[in-house]
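What follows is a set of notes on a single structure, which appears directly below.
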Amino acid sequence: MKKTVVFGTFVAMGLAAGAGAAAAGTLDDVKTRGKLNCGVATGVPGFASPDANGEWQGFDVAVCRAVAAAVLNDPAAVEFVPTTGKTRFTALASGEIDMLARNTTWTFSRDVDLKFDFVGVNYYDGQGFLIPKEMGVTSARDLNGATVCIQTGTTTELNLADFFRINNIEYEPVPIETNAEAQQQYIAGACDVYTTDASGLAASRATFEDPAAHVVLPEIISKEPLGPLVRHGDNEWGDVVRWTLNALIAAEELGVTSANVADMAAEAGNNPEINRMLGTEGNLGEMLGLDADWAKRAIAVAGNYGEIFEKNIGENTPIGLARGLNAQWTEGGLMYAPPFR
Amino acid sequence: MSGTHAETVRYVRDTMLPEQAPPLSAAGPIAWVRTNLFAGWFNTIMTLLSLAVIFFTLVELVPWLVQSSWTATSLNECRAQIVEMYGEGTTGACWAVIRERYLQLIYGFYPSELYWRPSLAFVLLIFAVAPILFERVPRALLYLTVIYPFLGAWLMWGGTVWLPIGAFMGFVFAYLTIRFVGTRAGAIVAAIAAVVVAIVWWLFLMGPVVQEFEQSIPLALEPVESRAFGGFMLSILIGVTAIAGSLPLGILLALGRQSDLFIVKSLCVGFIEFIRGVPLITLLFVASVLLNVFLPPGTNFDIILRVMIMVTLFAAAYMAEVVRGGLAALPKGQYEAADALGLDYWKAQRLIIMPQALKISIPGIVSTFIGVFKDTTLVSIIGLLDPLGLSNAIRSDTAWNGVVWELYGFIALMFFIFCFSMSRYSMYLERKLQTGHR
């Protein structure tokens, strides 16, 4: 009896505090705290990694910094919370972090059942295959009987099984735990094929002594839209993160870059959409609960979406990813920001 | 009598011959090799095989270790440098990654201008544990040992100095209560009173008093958040706390398990069996994930503190069983002798039982310590960047993606230094406490 009472009190306290936090709103919390708690990966090449000075860098990290700049006027006011695949969702649900930018695939159950809101997609990924060139295989359908290195407990494992079943071919899985282990096993010849997200394959291939001796097969066997997410039910905060991401994407489409954003925001130009986005016209910032310069600051941190892409994972980096699906819709990609109106 | 034979013997040596070294075939290196390595055909074959294995390992390993690059700034540059220096087709270690990241592997994300604080804390730690470990160290250092937990925590986390002092005062008040009440009422009453006093102080009085002092005499170090902790600093922090906390806690649990008091016994048995029945990683998940959900949002219950508590409890349960083994090994006569001397329970434990039981358990205790220290690497699974977690983070830098053995080798070497020192110390302790019963 007593135990139940104590437990009940705790739950009630939790609920009361939870309700209080929700009422205050994450946006206000972040503003009062003066820091954005942003969940990132513990280390994914190109997407999130600490440099020698302990500064976080990467494609996902840039989203965190842009949001911090938009809300707090300081791209450095971010507390990066490294999360693993196992802790990321509880960290977000419990309020330890305000947003999660940790190349997380947008799926039905994560959105609906786990009660998160994906605010958009910052990278369209998909599962691919990496093979040694000397295998002489040009299509994944020819991989009958191959041994495949695959990370256990991930969606890639299920996708792989589906793909081979649909095409009615056999494979032998070699279960591995981490990407580093996979690279070693693959190089040592423990498996013929390594499969994971195509961006991860490109990053792995770049580390090999002779990258040219390995190819990524053209087949992409799954859809992995990766994007930042926030807690369900706090729509004001969700809007802030969503439109910060959209501002980065739209900036590329509209030709706003880190170099010219200051000039463009100084006075209204002749493109009304740019004017609205950068706050020289209309009151979009006010609607978000921010000031007029929010998008300008977000873009000024590391440039627009295209610049961030090129700097962290683009073709001039060791990872060397082509834009592909992640090009603007005007160039045949899927990046399509809704209008700023 | 003696005269009888005097003339029958031609020569009698009247001085002792000086001792001669044994022949080379019976002592010295050759004899050692013969008896230890080449005694019989089977041993000879095994020796030759072992030598071959060692030789081929070294042939592979040494060039890799030596033909290395220390100055490159990325893995590809490393490879290029090694090929340039040692010729085409050479592979070597890329120690440059260690050179660039060793500070990060040691201090994690701790602000670099404050590195002196964890370093000082570590040096003080050595001085603080020295009087416990070695008899010849001046006893005055024991005062440092007493205040070290608070001093060390203050150095690591920073903030106002009055908080650790306040926490320390709780123990002082508890001690005074025991001294004061103990002489008037029984020991149990004194113990309960001490706990009550300490808890009342910590929960209700300490906050305002600390605030008061902070305002009148502000004395603070720049605060550092737990998130900045990482690398070996984190491993040592968690490991040392767990080691220091688990031994006293484990002894109490072991005594509790043997107690005649039903409730005490059931609590101890329940605790020990529960913790030992659950993997450490589960407890860590409870600390990082479950508590987050149960505690009201916005509560700032430090993640590293949570992990330290969990690891300490985990180690304590194992320690209790190790100590219980020592207790069980003592002949019953020792207990009876203590009773016959008229010692009360605690005196008997302190003067007769524990010194012997702990001596028997030294190897087990130190094994548990080493195990706990190595188990601290599990925290990488809940997103804390201990050396192993950092090795992953470093590899995610595109410059160093693909570096595996160098990082793991460095981490293994550091862990080996710590664990091997502990093991050697335990052997020293066993020799020192050897009383010749066997």
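Chain naming here is simple, since letters A, B, ... match the order of the sequence lines and numbering starts at 1 in each.
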For B:Pro118 and B:Met233 the tightest heavy-atom approach is CB-SD, 3.5 Å
Specify the closest pair of heavy atoms between A:Ala68 and A:Val78, including all atoms of both residues, with the distance to one decimal. CB-CG2, 3.4 Å
Go through the atoms of [X] and report whether side chain, backbone, both or neither lie under 4.5 Å from a heavy atom of chain B.
{"X": "A:Ala48", "value": "backbone"}
{"X": "A:Glu181", "value": "neither"}
{"X": "A:Pro318", "value": "side chain"}
{"X": "A:Ala93", "value": "neither"}
{"X": "A:Gln57", "value": "neither"}
{"X": "A:Phe47", "value": "neither"}

Is it true that, when you exclude B:Tyr115 itself, more than 12 heavy atoms of the residues, nucleotides or ligands shown sit nearer than 6.0 Å to its OH? yes
Is the number of heavy atoms from other residues, nucleotides or ligands under 6.0 Å of B:Tyr102 OH greater than 12? no
Within 45° of the six-membered ring axis of A:Phe309 and under 6.0 Å from that ring's centre, is NZ or CZ of A:Arg323 located there? yes
Is it the case that the side chains of B:Ser119 and B:Tyr107 hold a donor-acceptor pair, with the cut-off being a distance below 3.5 Å and no angle test? yes
Judged by modelled atom types alone, do B:Thr71 and B:Gln81 share a side-chain donor-acceptor pair under 3.5 Å? yes
Under a 4.5 Å heavy-atom cutoff, which of [options] has the most pairs with chain B?
{"options": "A:Val44, A:Asp51, A:Thr90", "answer": "A:Asp51"}
{"options": "A:Thr83, A:Asn179, A:Thr84, A:Asn53", "answer": "A:Thr84"}
{"options": "A:Glu55, A:Arg88, A:Gln183", "answer": "A:Gln183"}
{"options": "A:Gly46, A:Gly54, A:Ala52", "answer": "A:Ala52"}

Taking the six-membered ring for Trp, are A:His214 and A:Tyr186 ring centroids under 6.0 Å apart? yes
B:Asp397/B:Arg101 ion pair, N-O < 4.0 Å: yes
Which bit of [X] comes within less than 4.5 Å of chain A, counting heavy atoms only: side chain, backbone, both or neither?
{"X": "B:Ser391", "result": "neither"}
{"X": "B:Ile382", "result": "both"}
{"X": "B:Tyr110", "result": "neither"}
{"X": "B:Asn401", "result": "both"}
{"X": "B:Glu100", "result": "both"}

In sequence, state the C-alpha distance, the side-chain angles, and the governing distance for A:Phe116 and A:Phe89, and then conclude on ring-ring contact (aromatic ring centres under 6.0 Å, His included). CA-CA 9 Å; A:Phe116 296 126; A:Phe89 294 127; 5.5 Å; yes
